[in-house]
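Single-structure report; data block below.
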Amino acid sequence: MSAAIEVHGLRKRFGGLTALDGVELEAHPAEVLGIIGVNGAGKTTLMNCICGIYRADEGRVMIGGRDVTHRTPHEIAHHGVGRTFQIPRVFRKMSLIDNLLVPVLDRDEADPALIERAENTLEHMNLIELRHNFAEELSGGQQKLLEMARMLMPDPTVVMLDEPFAGVHPTLCKFMIERIEAMAAGGKTVLLISHDLTSIYRLSHRVAALNEGRVIAMGSVDEIRSNPAVVEAYLGN
Amino acid sequence: MPPESSGAGRSIERASADRIYYTLAAVIGGTVGIYFLVVPVLDLNIAFHFYLMLWITMASAFNVAAGFSGYMPFGFVAFYGVGAFTTAILVKSLGFPVLLALPFSGVAGVILGLLFAPTLRLSGIYFAIVSLALAGICRLVISNMPDHITGGSFGLQLGSRAEPVHSFYVMMAVMLLALGTILWLSRSRLGKALRAVRDDAEAADMMGVNVTRVRLYGWLIAAFFPAVCGGVEAWYTNVVDTETAFNTLTTAKTVIYAVAGGLGTVTGPIVGSVVMVWLDELIWRQFPLLNLLILGVATVMLVLFLPRGIVGTILRRRPEWRRYIP
Ligand SMILES: Nc1ncnc2c1ncn2[C@@H]1O[C@H](COP(=O)(O)OP(=O)(O)OP(=O)(O)O)[C@@H](O)[C@H]1O
Ligand SMILES: [Mg+2]
């Protein structure tokens, strides 16, 4: 069985700064792979390279066994990759329903069927009452939920969540954790970035620790917790 | 069970919202259509209403670029001017019947749009400035063409003076085609993709939207209609010269009318054009000398107090109307 995500020797430089320095990573189908690391470790850059918005300088990215390196973001999206953003990026002047329709615009399904699916997805995310509002009228936490709903609309096989719990109330946090668990249970591969270690440890099947653009440790939650290199990178020396 | 809380309830609610939308569209569209249809019959002011329709079309097409796609083409007049010269040259030099020449004006607009398409990579003020510069270049190119083709500084006489009524009804057909297209666009998948790209192009790209293609389609729609308008106006006035065909004031008026009504809505540019053209006429009649000054002040007031435009402000106050008012 091929891995859902494979990253080999990924390197990304910004001028003199090496944000990713030969990242090796693999995530299996239906696995939640947590990614931890201090600020500036390269977590978001890694996601941006996988989904094609940044062009990697070196290395390869495979999704479901297919090489998607240097493909455009919309091609990669059509390969079944969805994501959310560290700072929500909703379509501000569009209704919630229209926000959800954007990723499925090129589907053959008829509009009413898609709208119905959008409504059901919004209902799942507790946003149904607001479906006709503009996305800019939502609170920050609600925008995070909207992004998650939008990401799920095309039924992606790989989802990447960048700090889904940042600035989110504990009640909503719990709700999101349940949603993420459901995604993995439904067979999706989840790449999860978070500074909230409690949630990461609870959700992840495995965790990768990133430091200065390199994977310094990779393994089960227990292995990562007790890994001296991780402890040092996180707590300093 | 409250109707909103179940899937079946929502689909009933959706159907009734659609019914209201289409009824409103039919009633408003029908009223406007009948109104313009009877202008010549009732011997109302044909010139005034011809230009009203022209501005509605121009502002609505501009809105596809500015409101739906997020571009501010300050050189919008380029399409209009090239369209005007296309029809004039085809009629004058090649003996085309006007009605056959007009579609070619639209095609010329689309070709010009394709030539300008690389500028879609720019955004904001950079796009606006480059667009302005390109319009200047278009004007220069045409002024430097041989006089026997473009008529030189005296302008080109079409030499087949139209019955004003004929060009009036053709203008009306063009306006209805434009409004129909934009009404379709606002509900279409292309329209949703355009709006998504406008709000966040990178995010739209990562959601599977082919940003370059979507932008190009929107841009070509915005380029087609002003070019046809230019052609119809050339026919109506029977003369084209670079001075008026590429007049920056044409862009300025288009922008003001569209913004006054509200960018990003279908009805905004229509309402904006009707209000502003009518206001213009009223002021011009009452104060022939201060006309531009007063109009300028009115525009400033409008933008200051209704920055989202008339329709935009109404929909801001009544978000639930967004579903019925495109
Ligand atoms: N577009 C960019 N241009 C220049 N430098 C960038 C760019 N994006 C990221 N970087 C740099 O790359 C490094 C890694 O950034 P990245 O956003 O991946 O960190 P991160 O691990 O997501 O951090 P955080 O936890 O704060 O979100 C940082 O030093 C950052 O300054
Ligand atoms: Mg980050």
Side-chain angles (χ1 to χ4, degrees), chain A residues 47-48 50-54 72-85 87-95 97-107 111-120 122-123 128-137 147 150-151 153-154 156 160, chain B residues 2-15 17-18 21 66-70 186-215 217 262-265 308 312 315-316 318-326:
Chain A
M47 270 191 189
N48 285 338
I50 294 175
C51 77
I53 204 73
Y54 286 173
T72 61
H74 60 266
E75 284 169 339
I76 293 175
H78 291 305
H79 270 88
V81 177
R83 72 170 292 186
T84 66
F85 301 91
I87 298 158
R89 294 174 77 167
V90 295
F91 302 121
R92 300 178 57 79
K93 295 219 182 301
M94 297 174 77
S95 71
I97 297 215
D98 284 352
N99 262 271
L100 262 63
L101 292 179
V102 171
V104 291
L105 288 175
D106 53 359
R107 296 289 160 107
D111 285 358
L114 289 176
I115 292 174
E116 206 167 306
R117 203 153 95 228
E119 287 180 344
N120 291 338
L122 285 174
E123 191 158 38
I128 190 68
E129 301 298 330
L130 297 163
R131 64 192 177 282
H132 299 302
N133 283 67
F134 275 178
E136 65 179 355
E137 293 155 2
E147 275 201 325
R150 181 179 66 180
M151 173 190 84
M153 264 303 275
M160 305 196 287
Chain B
E4 300 248 321
S5 63
S6 72
R10 284 197 300 270
S11 87
I12 292 169
E13 177 222 42
R14 208 159 53 230
D18 278 356
Y21 171 89
F68 288 25
S69 324
S186 83
R187 287 210 140 195
S188 70
R189 295 186 179 194
L190 175 60
K192 292 192 199 345
L194 266 178
R195 288 190 165 112
V197 169
R198 171 200 65 192
D199 284 356
D200 190 332
E202 270 188 359
D205 200 354
M206 287 181 261
M207 302 300 133
V209 176
N210 188 334
V211 174
T212 318
R213 189 196 301 166
V214 162
R215 278 180 169 158
Y217 290 167
L263 291 176
T265 59
R308 286 161 200 276
L315 293 184
R316 178 83 178 166
R318 300 243 165 225
E320 67 275 16
W321 288 2
R322 280 182 200 139
R323 295 159 64 202
Y324 313 123
I325 301 178

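Quick note on labels: first sequence line is chain A, next is B, and so on, each numbered from 1.
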Item to check | From CA spacing to verdict: side chain to side chain contact (heavy atoms under 4.5 Å, CB included), B:M207, A:M153 | outcome: CA-CA 10 Å; B:M207 302 300 133; A:M153 264 303 275; over 6 Å; no

Checklist entry - Is it the backbone or the side chain of B:R316 that comes under 4.5 Å from a heavy atom of chain A, or both, or neither? => result side chain

Checklist outcome for this item: Looking only at heavy atoms, the pair that brings A:V102 and B:A196 closest together is CG2-CB, 3.7 Å

Checklist entry - Would you say B:R187 and A:D111 make side-chain contact, with heavy atoms under 4.5 Å? => result no

Checklist outcome for this item: Ranked by heavy-atom pairs below 4.5 Å to chain B, first place among A:M151, A:H78, A:E119, A:E137 goes to A:E119

Checklist entry - Atom CZ of B:R189 and atom CG of A:L114: how far apart are they, to the nearest 0.5 Å? => result 5.0 Å

Item to check | Residue A:F134 versus chain B: region with a heavy atom under 4.5 Å | outcome: both

Checklist entry - Shortest non-hydrogen contact from B:R14 to A:P112? => result NH2-O, 4.1 Å

Item to check | chain B contact via A:H132 - which portion, at a heavy-atom distance below 4.5 Å | outcome: both

Next on the checklist: Please give me the minimum heavy-atom distance between B:G208 and A:D106, naming the atom from each residue.
Outcome noted: O-OD2, 4.3 Å

Checklist entry - Between CG of B:D205 and CD1 of A:I76, what distance do you get to the nearest 0.5 Å? => result 9.5 Å

Checklist entry - Checking heavy atoms, do the side chain of B:R195, its backbone, both or neither come under 4.5 Å from chain A? => result both

Item to check | Rounded distance [0.5 Å steps], CG in A:N133 versus CD in B:E320 | outcome: 10.0 Å

Item to check | Top contributor to chain B contacts, counting heavy-atom pairs under 4.5 Å, from A:K93, A:E136, A:E116 | outcome: A:K93

Item to check | Side chain proximity check, A:N120 to B:R10, heavy atoms < 4.5 angstrom | outcome: yes

Next on the checklist: Rounded at 0.5 Å granularity, tell me how far CE in A:M94 sits from CZ in B:R198.
Outcome noted: 7.5 Å

Next on the checklist: Under 4.5 Å from any heavy atom of chain B, what part of A:E147 do you find: side chain, backbone, both or neither?
Outcome noted: neither

Item to check | Basic-acidic side-chain contact under 4.0 Å: B:D200, A:R92 | outcome: no

Checklist entry - In Å, rounded to the nearest 0.5 Å, how long is the span from CZ of A:R89 to CG of B:D199? => result 11.5 Å

Checklist outcome for this item: A:I53 and B:E202 have their tightest heavy-atom pair at CD1-CG, 3.7 Å

Checklist entry - If you take all heavy atoms of B:V209 and A:H74, which pair is closest and at what distance? => result O-CB, 3.5 Å

